[in-house]
There are 2 protein chains.
Amino acid sequence: MSLLQISRLDEILETATNLFKSKGYVGTSMRDLADAVGMEAGSLYSHVDSKDELLQHICFTIAGRFNKEIDLVLSVTNCSTSEKLESAINGHVKVITEDINATSVFWNEWKYLPEPHHSELSKLQVVYEHKFRSILDEGVNSGEFKIADTTFTTMGILSSLNGLQKWRTYSMPPEDLGSAFAALFIKGIKN
Amino acid sequence: MSLLQISRLDEILETATNLFKSKGYVGTSMRDLADAVGMEAGSLYSHVDSKDELLQHICFTIAGRFNKEIDLVLSVTNCSTSEKLESAINGHVKVITEDINATSVFWNEWKYLPEPHHSELSKLQVVYEHKFRSILDEGVNSGEFKIADTTFTTMGILSSLNGLQKWRTYSMPPEDLGSAFAALFIKGIKN
DNA sequence: CCTACCGATCGGTAGG
DNA sequence: CCTACCGATCGGTAGG
């Protein structure tokens with residue numbers, strides 16, 4: 001029983017995520033959040049220390065998931081670089097689609113994090129991009145890929161995937177999106 | 001002289017754009033804006049009717065530029081579809097890089113527009129995406145492109161370009177970005 | 001978890 | 001374009 005039970009704090013975090021996504025972090029008041037979970041504004045502070053803390057938790061949870069996924073991909077050795085890239089893209093898409101609200105907050109609201117959290121998260125993002133780029137570099141070195149500027153291509157691919165959080169609808173099941181992105185970037189659209 | 005003169009309203013709009021970009025629309029107060037242009041908060045209202053109006057102006061200006069660029073591309077007939085796609089990508093990138101702050105506000109803050117403006121802008125975005133997709137459809141019909149899902153590919157390409165507003169740095173001059181994106185999507189990275 | 005409240009700040013207005 | 005101000009709301013706290 002208790003393993004399946006959702007704690008009050010978890011409920012507050014999930015509700016905050018939904019509100020931050022739809023109204024923005026600054027546009028969501030602690031009273032909005034209190035109303036949504038069914039308590040008074042002041043009572044929230046027996047569960048969390050501050051509004052900032054909620055945003056911190058959401059952003060670092062998502063950043064952690066992104067880095068965990070890419071580390072998993074980089075630890076595999078017996079596969080082609082194309083397969084590795086497809087795995088990395090699939091992992092990235094999985095993090096986004098499995099919690100679209102939290103990912104949305106992560107990307108659109110992290111600028112409101114106070115220091116030192118803002119700088120810490122920025123570093124995590126840079127580390128992630130470097131890991132992702134290392135796959136492209138590996139493919140260039142092995143002759144499997146032809147890429148003039150791996151930094152540009154890394155950002156181009158990641159931007160495309162991250163845009164998912166703003167799509168109104170998907171034209172395919174979420175689990176197919178990763179492979180579709182991989183095919184687009186690896187083969188291109190030229191016949 | 002007067003043709004080169006920047007009106008007080010233009011100065012307010014440009015300053016508001018910069019503030020909305022860095023602090024967000026909700027996170028920017030009319031007092032922040034007043035300080036930045038060197039007047040008192042109440043005085044702003046002799047130039048604008050409301051805070052909303054500033055956001056409206058920024059968002060609809062950018063949406064107008066995007067649609068103007070794509071209409072220009074669609075009016076050209078004597079070129080291949082690949083060339084047409086590259087032109088569309090170049091036009092899109094041009095709008096972004098020529099006014100990165102305004103484009104950033106357009107994408108990240110338009111959700112705060114009150115109705116009916118929010119719905120109007122949403123329609124403009126859908127119209128733009130349809131126009132862009134028509135280029136891909138044309139390429140598929142002529143056999144020039146091989147695309148399983150043009151809706152997906154349209155969103156994938158546009159998401160990638162729109163991500164530009166969040167890039168910390170460019171690894172190439174802004175005017176080269178469009179062609180680099182076009183090459184990435186048309187040819188892919190496979191050697 | 002509630003009641004009652006704090007000082008600060010919000011978008012916007014009246015009158016000059 | 002300024003001064004002075006409006007009611008509303010903000011994040012957060014004290015005491016129970």
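When reading the values below, keep in mind they use all heavy atoms of this one structure, side chains included, and skip hydrogens, waters and symmetry mates. So that the names make sense, note that chain A is the first sequence line, chain B the second, and so on, each numbered from 1.
- Counting non-hydrogen atoms under 4.0 angstrom, A:S46 reaches a base of the nucleic acid.
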May I have the step-by-step check of side chain to side chain contact (heavy atoms under 4.5 Å, CB included) for B:I157 and A:S160, ending in yes or no?
CA-CA 7 Å; B:I157 295 174; A:S160 191; over 6 Å; no
Would B:R31 and B:D35 satisfy salt bridge (charged side-chain N to carboxylate O under 4.0 Å, His left out), going step by step from the backbone distance to the final call?
CA-CA 6 Å; B:R31 281 155 183 85; B:D35 283 350; over 6 Å; no
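- With salt bridges taken as basic N to acidic carboxylate O contacts below 4.0 Å, one links A:E11 and A:R8.
- Look at B:E69 and B:K131 and you find no salt bridge, because none of the NZ, NE, NH1 or NH2 atoms lies under 4.0 Å from a carboxylate O.
- Note: NE2 (A:H47) to P (D:dG12) measures 16 Å, nearest angstrom.
- Figure legend: A:K51 and A:Y25 shown as a cation-pi pair, the cationic atom lying under 6.0 angstrom from the six-membered ring centre and within 45 degrees of its axis.
- Within the 3.5 Å criterion, the main-chain N or O of B:M155 finds a donor-acceptor partner in the side chain of B:S159.
- With distances taken from any side-chain atom of A:M39 to the nucleotides C:dC2, C:dG11, D:dC2, the minimum falls on C:dC2.
- With D:dC1, D:dG12, C:dC1 as the candidates, the nucleotide lying closest to the side chain of A:R8 is C:dC1.
- Proximity of residues 54-62 of chain B to DNA chain D (heavy atom under 4.0 angstrom from any strand atom) is not detected for any residue.
- Put simply, OH on B:Y112 is 13 Å from P on C:dG11, counting in whole angstrom units.
- Taking the six-membered ring for Trp and the full ring otherwise, the centers of B:Y170 and A:F152 sit at least 6.0 Å from each other.
- Remark: C1' of C:dG11 and CG of B:D49 are 13 Å apart, rounded to the nearest angstrom.
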Dot-bracket pairing map - DNA chain D, Watson-Crick plus G-U, both contacts under 3.5 Å, | cross-strand
||||||||||||||||
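- In this entry the distance linking CD of A:E53 with P of D:dG12 reads 10 Å, nearest Å.
- Taking atom CG of B:D32 as the reference point, atom P of C:dA8 lies 17 Å away to the nearest angstrom.
- For D:dG12, one of the phosphate oxygens OP1 or OP2 lies less than 4.0 angstrom from a side-chain nitrogen or oxygen of A:Y45.
- Counting to the nearest Å, the P atom of C:dT3 and the CG atom of A:L44 are 14 Å from each other.
- Residues A:R31 and A:S43 each lie close to DNA chain C; by heavy-atom proximity, the contact nearer the 5' end of the strand is made by A:S43.
- A straight line from NZ of B:K23 to P of C:dT9 spans 12 Å, rounded to a whole angstrom.
- Among D:dT3, C:dG11, C:dC1, the nucleotide with an atom closest to any side-chain atom of B:E40 is D:dT3.
- For B:S29 and C:dT9, the shortest distance from a side-chain N or O to OP1 or OP2 is not below 4.0 Å.
- For B:F185 and A:F185, the ring centers sit closer than 6.0 Å to each other.
- Contact check on A:E138 versus A:K84 returns a salt bridge, with a Lys/Arg side-chain nitrogen under 4.0 Å from an Asp/Glu carboxylate oxygen.
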